[in-house]
**Student:** 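Dropping the structure in here first, questions after.
Side chains are part of it too, since the values below use all heavy atoms of this structure and drop only hydrogens, waters and symmetry mates.
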Amino acid sequence: MVLRVYDTKSRQKRVFKALEKGKVGMYVCGITPYSRSHLGHARCYLSFDVIHRWLEYRGYEVNYVQNFTDIDDKIIAVSEAENMDYTVISQRNIDEFFEVMDKMNILRADHYPRVTQTIPEIIEMVSELEKKGNAYSSEDGVYFDIESAPEKYGQLTGQTLENVRAGAGGRVLGTGTGKKNHRDFALWKLAKPDEPYWESPWGKGRPGWHIECSAMSLKHLGKQFDIHGGGHDLRFPHHEAEIFQSECCTGVEPVVNYWMHNGFVNIDGEKMSKSLGNFWTVSDSFKSYSPLALRYALLSVPYRSPIDLTSEFLEDAANHHEKLISAYVDSFSSDVKVDIDLKEHGKSFENSMDDDFNSRGAIIEIQKVISSNCGIGVEDWLEKYAGCILGLLPPKEELLNMVKKASQAREDIADKVESLLSYRDKARENKDWDQADKIREELNEMGVVVEDGEDGPRWKIV
RNA sequence: GCACGAGUGGCAGAGUAGCUAUGCAAUGGACUGCAGAUCCAUGGACCCGGGUGCAAAUCCCGGCUCGUGCUCCA
């Protein structure tokens with residue numbers, strides 16, 4: 001089966017074909033580090049992490065670029081509110097971003113360019129656009145002139161020039177006073193007093209919101225590249241703006257071969273938002289769920305569909321993840337022949353992933369494999385599919401350590417447990433069920449679970 | 001209002017006309033004193049209304065609902 005990828009622009013799954021054989025250039029819009037990372041960020045970078053891993057599994061050499069928009073209005077607002085330099089704010093949130101994403105086993109991209117380190121390239125790009133007649137400067141900045149390339153409008157969202165109403169909802173008023181047309185967007189914003197700034201041909205200022213991604217993708221991936229990703233909300237205006245900027249600047253089109261957008265995160269059926277009070281940062285979520293259980297939950301739904309996180313859904317995922325781990329541990333010491341066809345399940349897993357990276361279908365195959373007898377071959381199978389590709393397994397050494405600690409803990413209380421169990425056995429022989437259950441309850445309180453089997457009771461520590 | 005997407009069993013999710021999708025959960029049974037684990041089995045769906053067809057979740061028309069975007073947003 002061949003890899004098929006859903007492309008937002010053509011609105012269909014297309015067979016994936018790299019521009020350069022065996023190589024993939026992938027750019028994913030990164031965060032604006034003005035606050036801590038939330039579950040929406042986690043889903044986005046997790047989705048592209050799995051896409052990244054799958055492309056590599058399929059033999060592509062992936063050049064993965066993810067930016068930080070480390071200067072922007074909101075960062076400035078936070079820095080003013082906290083009376084700290086904006087660089088402190090953005091660095092703090094970038095550090096936090098890496099911390100939580102690392103915990104979720106999200107592999108690092110190859111490059112993490114920052115706006116503040118790409119200013120010369122941005123200025124160059126804006127100048128070029130101005131030179132080509134796609135941009136004009138006005139009293140408060142430089143703007144992209146939509147009228148200079150109207151045919152490019154609406155490529156990702158189907159919006160027409162007429163339909164984008166001026167000041168929708170009355171919220172645009174008061175910004176961008178120098179625009180000729182309300183659809184134009186800022187390439188360079190002149191600094192107000194006390195705002196951070198860089199020198200430019202148009203005066204002291206900073207880049208507009210969209211231009212940084214065009215400049216950084218051009219710098220790292222060239223005039224044309226394979227995949228551009230981001231959250232669903234970025235299609236318009238952000239990604240459409242990028243198409244204008246990049247294609248008008250370089251004259252090469254299309255700038256991007258496959259536009260990929262991940263779906264949103266809802267909480268209990270509602271959009272996650274600060275105003276609804278159901279806003280979860282990633283680190284908040286870690287208080288209730290382990291990073292890998294959260295990863296399991298988020299991968300349980302294909303990346304394009306919206307995901308509704310309810311406590312039932314998350315609990316399920318946490319249980320499944322726990323089962324996965326214990327099946328993996330069980331497989332370490334197994335010497336019996338496995339009772340399922342691992343090859344078949346591997347094939348189904350791969351078919352799912354080839355179908356627009358359907359991690360849901362892939363997880364179903366994992367569930368099938370872990371409900372087998374976990375015989376010979378399962379360990380390798382899980383390491384490959386659940387571990388390397390979906391990133392759901394902790395390192396083996398860590399688990400072995402845990403097993404070792406657990407067996408140590410078991411030894412420490414073994415005598416006591418065994419003697420209690422022998423009392424229980426006697427009680428059971430006498431059919432004194434009350435007494436037997438009482439002892440079992442006592443063991444439970446010690447954290448020991450007793451399970452009666454054909455060859456007597458077995459116990460384990462939970 | 002306009003644009004884009006979506007509506008399948010408790011949840012997730014395949015499926016572009018005929019054949020049990022599947023996974024988890026649920027229910028029943030077996031095994032257990034009970035519980036757990038395990039095994040076996042089972043039920044249950046295609047937003048609504050029309051139309052075309054021998055046959056429609058699947059095609060056509062109309063409607064409804066939801067999400068997202070049009071404004072900073074992953």
Side-chain angles (χ1 to χ4, degrees), chain A residues 6 8 11 28-32 34-35 37-48 66 69 72-75 77 97 154 156-160 162-176 182-183 185 209 229-240 261-266 269-274 297 299-308 310 312-313 315-317 319-320 323 348 351-352 355 358-368 370-371 373 427-434 436-437 440-441 444 449-454 457-460:
Chain A
Y6 184 89
T8 306
R11 294 189 202 108
V28 174
C29 283
I31 57 164
T32 299
Y34 70 100
S35 69
S37 296
H38 56 70
L39 285 179
H41 295 127
R43 186 176 195 207
C44 176
Y45 303 111
L46 175 54
S47 299
F48 286 99
Q66 190 188 120
T69 302
D72 114 304
D73 294 359
K74 274 171 303 197
I75 295 174
F97 171 85
L156 297 179
T157 54
Q159 314 246 30
T160 59
E162 300 73 44
N163 285 337
V164 177
R165 299 185 300 183
R171 284 166 292 191
V172 181
L173 301 174
T175 61
H182 74 271
R183 304 181 201 89
F185 53 88
W209 175 34
H232 209 251
D233 53 330
L234 295 181
R235 289 174 311 151
F236 188 95
H238 186 59
H239 287 161
E240 292 209 354
H261 296 97
N262 67 278
F264 264 50
V265 173
N266 296 326
E270 281 183 313
K271 181 183 174 174
M272 182 174 80
S273 75
K274 281 178 181 163
L299 291 181
S300 295
V301 173
Y303 76 93
R304 279 193 295 134
S305 313
I307 188 170
D308 188 19
T310 60
E312 189 196 359
F313 184 84
E315 288 298 335
D316 272 4
N319 287 338
H320 291 153
K323 263 192 210 167
S348 301
N351 285 343
S352 283
D355 182 12
N358 184 351
S359 54
R360 172 75 224 166
I363 280 183
I364 285 178
E365 294 310 314
I366 287 177
Q367 288 176 340
K368 286 180 186 167
I370 63 177
S371 56
N373 66 351
R428 294 181 74 209
E429 269 170 39
N430 300 328
K431 298 202 192 306
D432 184 355
W433 309 127
D434 283 351
D437 288 347
R440 186 165 64 192
E441 187 52 37
N444 278 346
V449 172
V450 180
E451 289 176 7
D452 296 314
E454 276 177 32
R458 291 194 314 196
W459 61 278
K460 62 182 180 195

**Student:** Could you check whether the side chain of Asp72(A) and the base of C72(B) have a donor-acceptor pair of N or O atoms closer than 3.5 Å, going by distance alone?
**Tutor:** no
**Student:** Base, sugar-phosphate, or nothing: which does Gly263(A) touch, judged by heavy atoms less than 4.0 Å apart?
**Tutor:**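 Result for Gly263(A) = base.
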**Student:** Could you identify the nucleotide paired to U65(B), looking across every strand shown and requiring Watson-Crick or G-U wobble geometry with both distances under 3.5 Å?
**Tutor:**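 A6(B) is the nucleotide pairing with U65(B).
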**Student:** What's Arg428(A) touching, base or sugar-phosphate or nothing? Going by heavy atoms closer than 4.0 Å.
**Tutor:**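 Base, at least one base atom sits under 4.0 Å.
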**Student:** Does the plane of the ring in Phe264(A) sit parallel, tilted or perpendicular to the ring in His232(A)? Use 30° and 60° as the thresholds.
**Tutor:** perpendicular
**Student:** With a 3.5 Å limit on both atom pairs, tell me what A57(B) is paired to, counting Watson-Crick and G-U wobble, or say none.
**Tutor:**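 Paired with A57(B), as far as the under-3.5 Å criterion goes, is no nucleotide at all.
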**Student:** Could you check Asp233(A) against Asp452(A) and say which one's nearest nucleotide on RNA chain B is further toward the 5' end?
**Tutor:**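 Per heavy-atom nearest nucleotide, the more 5' residue is Asp452(A).
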**Student:** What contact category does Val265(A) fall into here, base, sugar-phosphate, or nothing, at under 4.0 angstrom with non-hydrogen atoms?
**Tutor:** base
**Student:** Confirm from the modelled atom types if Arg440(A) and C34(B) form a donor-acceptor pair under 3.5 Å, side chain to base only.
**Tutor:** yes
**Student:** Examine A25(B): is either OP1 or OP2 under 4.0 Å from a nitrogen or oxygen in the side chain of Lys323(A)? Give yes or no.
**Tutor:**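 Yes, such a contact exists.
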**Student:** Over all strands shown, is Glu312(A) touching base, sugar-phosphate only, or nothing at heavy-atom distances under 4.0 angstrom?
**Tutor:**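 Counting heavy atoms under 4.0 Å across all strands, no contact is made by Glu312(A).
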**Student:** Just call it for Ser348(A): base, sugar-phosphate, or nothing, with non-hydrogen atoms closer than 4.0 Å on any strand.
**Tutor:**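 No contact.
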**Student:** Under 3.5 Å, is there any donor-acceptor pair linking the side chain of Asp437(A) to the base of G33(B)?
**Tutor:** yes
**Student:** With a 3.5 angstrom cut-off on both distances, give the Watson-Crick or G-U wobble partner of A21(B), or none if there isn't one.
**Tutor:**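 Looking at the geometry, A21(B) pairs with no nucleotide.
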